[in-house]
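Note that this is a predicted model, so its numbers are computed, not measured. Atoms within a ligand are numbered from 1 in the order they appear, just like the ligands themselves. Residue indices begin at 1 and follow the sequence shown.
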Amino acid sequence: MNVQAEAAARAVVSEFAIDGELLALERFERGHIHDTFISRFQMGGGTEQRFLHQRVNHRVFRDVPALMNNIECITSHLASHYGDPEVDSHMHALELVPTRSGRSFVEDASGPWRTYVFIEGTRSLDRCESPEQAFLAARAFGQFQADLAGLDVSKLRMTIPNFFSSPYRMRQLDEAVAKGDQDRVAGAQAELAFVGARRDMVDVIEAAMRIGRFPRRVVHGDTKLNNVLFCDRAGHALCVVDLDTCMPGYSLYDFGDLVRFTAAQSKEDETDLHQVGTDFELYKALVDGYLASASSFLTEDEIRLMPFAARLVTFTIGLRFLADHLNGDVYFKVGREGHNLDRARVQFAMVASMEQQSDAMESYVRACSKRSLATGNGRLAASDS
Ligand code: GN1
Ligand code: MG
């Protein structure tokens, strides 16, 4: 971090109600959207404590009070839920640190900032190392949704309009084709043909919701593996983080995004498409884990649509990467020329891989949901699949 940026960040950090002396502040490279920093404080009493500070990307989150309203609703609901002695959970809720004037964020000239207590003793994983980890992550995200089932979804605001809507993402891509960089449009004909052949997919879930097959619920909205913190001693899932996209939506978005990211055989921006695909063993572990916790509230229609949701969410994120590429990379941070096109290609190759495995993916969900009904639990250990 350069000296000026560090001085500015230090000044903002001092506006949060932390009773201690700032010892260190470092940048933390994470995510495509915000700027994240970690601080270390010497607290009264001599102990040290760390905090996580984020400068919120105002271009993406235009309504920061609505965003912070959602995060406050969720963190306080989870804190009281986990504090309930009736609830048997290893999970922790994220904890916001208020500003000295009692607000949830600081409006600085550099943008809006917020602070969380850093959760010690955890690790996060960028790549899945085993089916067991996939199972634990999926169960944690399903548990997160189950723990929020009692929260009135109408308290949450749509902080990014139509965020989960695949038909809307298709319209955004159509607009990017019409108005975006025409050289890039010419260079993306193969991807656009892939999309064109699958336009029918995009309305399936919204159509089911329009006729009331299942309700809107609280959705996490970014169920990447690295948004679960695992206990670094015992290995269990301890906390679900990155609550930015917690909004009303369809629950299966979270399952679909889990498969998209955690069952991926490659990195999200791999350029060697031979390496890209969806790992069936990891997919099975994700189904088991998600159903172990989410079958408590999912309807039969939702369970049936799980494999479809995996394809749809992957396809939809591909639409978003491709549209951003055509629009000149204005949304997702990029590190190289064509980065968003590479990301879109990976998503579409995963969709193709899931299409090839679709029968097996569907029969596995059917078998697992029967087992969930029979035992009240999808899987007791990742080894018994
Ligand atoms: C963005 O920045 P990050 O990694 O938390 C995006 C998600 C996408 C994801 C794709 C607010 O999340 O929707 O799934 O990239 N977040 C937003 O990697 O658009
Ligand atoms: Mg995120």
Review point. Salt bridge or not for Arg336 and Asp342, using N-O below 4.0 Å?
Key: yes
Table of N or O contacts for ligand 1, cutoff 3.5 Å:
| residue | atom | partner | partner atom | Å |
| --- | --- | --- | --- | --- |
| ligand 1 | 2 (O) | His32 | N | 2.6 |
| ligand 1 | 2 (O) | Ile33 | N | 3.4 |
| ligand 1 | 4 (O) | Lys224 | NZ | 2.2 |
| ligand 1 | 5 (O) | Asp222 | OD2 | 2.7 |
| ligand 1 | 5 (O) | Asp242 | OD2 | 3.2 |
| ligand 1 | 12 (O) | Asp222 | OD2 | 3.2 |
| ligand 1 | 13 (O) | Arg320 | NH1 | 2.8 |
| ligand 1 | 18 (O) | His32 | NE2 | 3.2 |
| ligand 1 | 18 (O) | Lys224 | NZ | 3.0 |
| ligand 1 | 18 (O) | Glu268 | OE1 | 3.0 |
| ligand 1 | 18 (O) | Glu268 | OE2 | 2.7 |
| ligand 1 | 19 (O) | Arg320 | NH2 | 2.7 |
| ligand 1 | 19 (O) | Tyr331 | OH | 2.5 |

Check your understanding: With a 4.0 Å cut-off, would you call Arg304 and Asp301 a salt bridge?
Key -> yes
Point to revise | Sidechain N-carboxylate O distance under 4.0 Å for Arg100, Asp19 | key: no
Revision key, fill the gap. Total protein N/O/S atoms sitting under 2.8 Å from the Mg ion (ligand 2), waters ignored, is 2
Exercise for review: With sequence neighbours left out, write down each residue that passes ring pair (Phe, Tyr, Trp, His ring centres under 6.0 Å) with His236, or none if nothing qualifies.
Suggested key: His90
Practice item. Decide yes or no on side-chain hydrogen bond (donor to acceptor under 3.5 Å, both in side chains) for Glu72 and Ser76, but give the supporting numbers first. Key: CA-CA 6 Å; Glu72 283 185 290; Ser76 58; over 6 Å; no
Exercise for review: For the pair Thr278 and Gln265, evaluate side chain to side chain contact (heavy atoms under 4.5 Å, CB included) and give the outcome as yes or no after the intermediate values.
Suggested key: CA-CA 6 Å; Thr278 303; Gln265 284 169 350; over 6 Å; no
Practice item. Using a cut-off of 6.0 Å, state whether more than 12 heavy atoms not belonging to Lys333 lie near its atom NZ. Key: yes
Side-chain donor-acceptor contacts of residues 201-212 below 3.5 Å, not counting sequence neighbours, with atom names and distances?
| residue | atom | partner | partner atom | Å |
| --- | --- | --- | --- | --- |
| Asp203 | OD1 | Arg210 | NH1 | 3.4 |
| Asp203 | OD2 | Arg210 | NH2 | 2.7 |
| Glu206 | OE2 | Ser165 | OG | 2.8 |

Check your understanding: Has the side chain of Glu302 got a donor or acceptor atom that lies under 3.5 Å from a matching backbone atom of Thr299?
Key -> yes
